[in-house]
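Below is one structure, written out as structure tokens; comments come after it.
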Amino acid sequence: MIQDKKLKSYKYRFLISAQRIHPPTNDAGIEWDDFLRSLDFTCEEGQVSIAWTVGNGGKIQSGIEDAVFYLRGDTDRQAEKQRKSGMQSGEDPIRKGNAELFGKLVSEVAEAAGFKTGGMCEDSDKFAREREFHDEWAGSTNVEEIDVFRTNEACTAPEMRYITKRLGNLKGKKLLDVGCGLGEASVYFAIRGAQVTSSDLSPGMLDATCRLAQANGVSVTPHVSAAEDLRLPADALFDVIYAGNLLHHVDIEATIKRFLPHLKPGGKVVTWDPLAYNPAINVYRKKAMEVRTVDEHPLTWNDIRLFREHFRNVETRYFWLTTLAIFVAMALLQRRDPNKERYWKSVIDESDKWAPMYKPLEFFDRILLTILPPLRLLCWNVVIVAEK
């Protein structure tokens with residue numbers, strides 16, 4: 001069991017380093033991401049074998065104990081906690097050593113497989129923080145316990161209920177889930193018949209998505225990439241590009257521009273994200289820093305307007321205004337620590353409990369937002385459906 005966990009961590013670290021290479025070229029025309037997906041990692045007697053069958057085929061071995069694994073300290077976030085607590089100063093030496101080890105190993109594998117690399121590129125601080133934060137999140141979650149149907153159909157998941165209704169029949173349609181996270185939406189769409197490609201910056205999240213798909217009897221195609229640099233083949237086209245709770249982590253306009261070449265004529269981009277204007281939510285954001293990243297930027301009115309510059313038809317729907325009373329109750333009446341749980345996840349897990357309060361408030365929100373449209377910007381989330 002311990003060796004299995006080490007092998008998973010070893011694989012994660014390898015794939016993270018593999019994304020930091022300047023896009024390699026191959027005389028046989030093999031795409032770097034296709035090559036990475038073909039890799040097979042096994043471990044016997046302390047030796048990790050990294051094998052591939054595409055191109056010329058081959059295998060490289062490395063000692064699993066050459067890397068150091070531990071639960072805390074191997075991310076920027078944990079290293080910063082250690083520095084603040086006086087446990088250490090400067091860069092985490094274990095993290096630095098692992099980065100050097102896997103950087104060299106990736107280069108060796110690339111060279112052996114016939115790729116010409118431009119060497120390791122400097123990953124931006126933002127990408128590194130986001131990747132490591134979400135790898136850590138994935139590693140702390142038991143995906144087999146996720147109820148995919150509750151996550152997407154609960155009364156307290158109004159965004160996904162609306163999106164599901166808006167998209168209609170997905171059978172046979174090609175769908176790209178960008179920033180797929182733990183895979184709740186990817187797997188749900190696959191269950192509904194879509195051919196799903198799940199993309200995420202975090203290899204940990206993609207592994208969780210694949211395990212969740214397997215647990216639900218479906219499959220998805222994993223693809224490691226940042227939203228701002230999808231690194232998809234030019235002929236990869238989709239009927240739907242879905243980005244749930246993603247845009248407030250990325251450069252929005254750059255991401256929209258990356259979507260367009262991969263969208264079929266008449267295809268749809270569907271997103272939902274938090275808005276920037278509600279003062280009560282902004283108080284919560286300041287308190288809940290342990291379950292957020294510092295680079296998050298909730299959407300503004302100008303961000304929403306960007307869609308109208310790039311798409312023919314754009315629809316918006318706003319959620320969570322008076323229904324936010326539930327989160328007030330969680331914080332003030334139940335005294336729940338926002339740094340020890342993600343409220344927006346908990347409210348879905350506890351949807352049956354909150355339904356008597358949520359349902360009448362949701363009905364009231366519909367009336368209120370129809371009568372007073374300017375209040376929409378004080379909602380928590382906005383769903384955007386944009387047609388090419």
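This one's a predicted model, so the numbers in the text were calculated from it and none came from an experiment. Just the heavy atoms: all of them, side chains too, but no hydrogens, waters or symmetry mates, feed the values below.
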Audit row: Ile281, Leu324, side chain to side chain contact (heavy atoms under 4.5 Å, CB included) steps and yes/no: CA-CA 9 Å; Ile281 298 174; Leu324 287 170; 3.7 Å; yes
CA sep, side-chain torsions, deciding dist, call: Leu230, Val178, side chain to side chain contact (heavy atoms under 4.5 Å, CB included): CA-CA 9 Å; Leu230 289 174; Val178 184; 4.1 Å; yes
Side chain to side chain contact (heavy atoms under 4.5 Å, CB included) assessment of Glu108 paired with Ile60: CA-CA 8 Å; Glu108 289 175 9; Ile60 278 183; 4.2 Å; yes
Working for side chain to side chain contact (heavy atoms under 4.5 Å, CB included), residues Thr271 and Val269: CA-CA 7 Å; Thr271 76; Val269 169; 3.8 Å; yes
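Judged by distance alone, with hydrogens and angles left aside, the side-chain atoms of Lys388 form a donor-acceptor pair with the main-chain N or O of Leu263 at under 3.5 Å. Side-chain atoms of Tyr277 come within 3.5 Å of backbone N or O of Trp301 as a donor-acceptor pair. Judged by distance alone, with hydrogens and angles left aside, the side-chain atoms of Asp200 form a donor-acceptor pair with the main-chain N or O of Cys180 at under 3.5 Å. In this structure, Arg166 contributes its side chain and Val385 its backbone to no donor-acceptor pair below 3.5 Å. Judged by distance alone, the side chain of Asn216 and the main-chain N or O of Val218 form no donor-acceptor pair under 3.5 Å. Without hydrogens or angle criteria, Asp273 side chain to Leu247 main chain gives a donor-acceptor distance under 3.5 Å.
Side-chain contact between Thr316 and Phe307 is absent, with no heavy-atom pair separated by less than 4.5 Å. By the 4.5 Å heavy-atom criterion applied to side chains, Arg192 and Thr164 are counted as neighbours. Contact annotation: the side chain of Asn282 never approaches that of Lys286 to less than 4.5 Å [non-hydrogen atoms, C-beta and beyond]. The closest side-chain heavy-atom distance from Leu368 to Leu321 is below 4.5 Å. Thr209 has its side chain out of reach of Leu182: every pair of non-hydrogen atoms, C-beta onward, lies at least 4.5 Å apart. Annotation: side chain of Leu175 is not in contact with side chain of Thr197 (no heavy-atom distance under 4.5 Å). Considering only heavy atoms from C-beta on, Arg285 comes within 4.5 Å of Pro274 through its side chain. Annotation: side chain of Pro338 is in contact with side chain of Tyr343 (closest heavy-atom distance under 4.5 Å).
Across all their heavy atoms, Val270 and Leu167 have their closest contact at CG2-CD2, 3.7 Å. Contact between Arg161 and Ala154 at its shortest, heavy atoms only, is NE-O, 3.1 Å. Minimum heavy-atom separation, Ala227 to Val250: CB-CG1, 4.0 Å. Scanning all heavy atoms of the two residues, the minimum distance from Ile384 to Val314 falls at CG2-CG1, 3.9 Å. Summarising the geometry of Glu184 relative to Val148, their closest heavy-atom pair is O-CG1, 3.7 Å, with the distance given to 0.1 Å. Minimum interatomic distance between Ser186 and Asp177 (heavy atoms only, all atoms of both residues): OG-OD2, 2.6 Å.
Under the side chain to side chain contact (heavy atoms under 4.5 Å, CB included) criterion, Asp303 pairs with Ile252, Leu299, Thr300, Leu306, sequence neighbours left out. When the side-chain hydrogen bond (donor to acceptor under 3.5 Å, both in side chains) test is applied to Ser38, no partner is found at least two apart in sequence or on another chain. A search for salt bridge (charged side-chain N to carboxylate O under 4.0 Å, His left out) contacts involving Glu153 returns nothing, not counting sequence neighbours. When the ring pair (Phe, Tyr, Trp, His ring centres under 6.0 Å) test is applied to Phe363, no partner is found at least two apart in sequence or on another chain. Every residue two or more places apart in sequence or in another chain was checked for a salt bridge (charged side-chain N to carboxylate O under 4.0 Å, His left out) with Asp349, and none qualifies. Remark: Asp147 pairs with no residue by the salt bridge (charged side-chain N to carboxylate O under 4.0 Å, His left out) rule, at least two apart or across chains. Judged as a ring pair (Phe, Tyr, Trp, His ring centres under 6.0 Å), and not counting sequence neighbours, the contacts of Phe327 are Trp320, Trp380.
Salt-bridge check for Asp239 with Lys264: passed, with a basic side-chain N closer than 4.0 Å to an acidic carboxylate O.
Listed by first and then second residue, the ring pair (Phe, Tyr, Trp, His ring centres under 6.0 Å) pairs that reach into residues 179-222 are Phe189-Tyr242, sequence neighbours excluded. Applying the side chain to side chain donor-acceptor pair (under 3.5 Å) definition to pairs two or more places apart or across chains, those involving residues 352-361 are Arg150-Asp352, Glu350-Trp354, Tyr358-Glu362. Residue pairs meeting the ring pair (Phe, Tyr, Trp, His ring centres under 6.0 Å) criterion with at least one partner in residues 197-239, sequence neighbours excluded, do not occur; the list is empty.
Shown here is Gln61, whose CD atom has more than 12 heavy atoms of other residues, nucleotides or ligands within 6.0 Å. For Lys11, the NZ atom counts as loosely surrounded, since its 6.0 Å shell holds 12 or fewer non-hydrogen atoms of other residues, nucleotides or ligands.
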Which side-chain N or O atoms in residues 369-378 pair as donor and acceptor under 3.5 Å with protein atoms at least two apart or in another chain?
residue : atom : partner : partner atom : Å
Thr370  : OG1  : Arg366  : O            : 2.7
Arg376  : NE   : Leu369  : O            : 3.4

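In this structure, the separation between CG on Leu206 and OG on Ser225 is 8.5 Å, given to the nearest 0.5 Å.
Grouped by direct or indirect side-chain proximity (heavy atoms under 4.5 Å, Ile/Leu/Val/Met/Phe/Trp/Tyr only), Leu332 sits with Val328.
Counting only N and O atoms by type, the side chains of Asp365 and Thr323 include a donor and acceptor under 3.5 Å apart.
Taking the six-membered ring where the residue is Trp, Phe35 and Phe115 present tilted rings, their angle falling between 30° and 60°.
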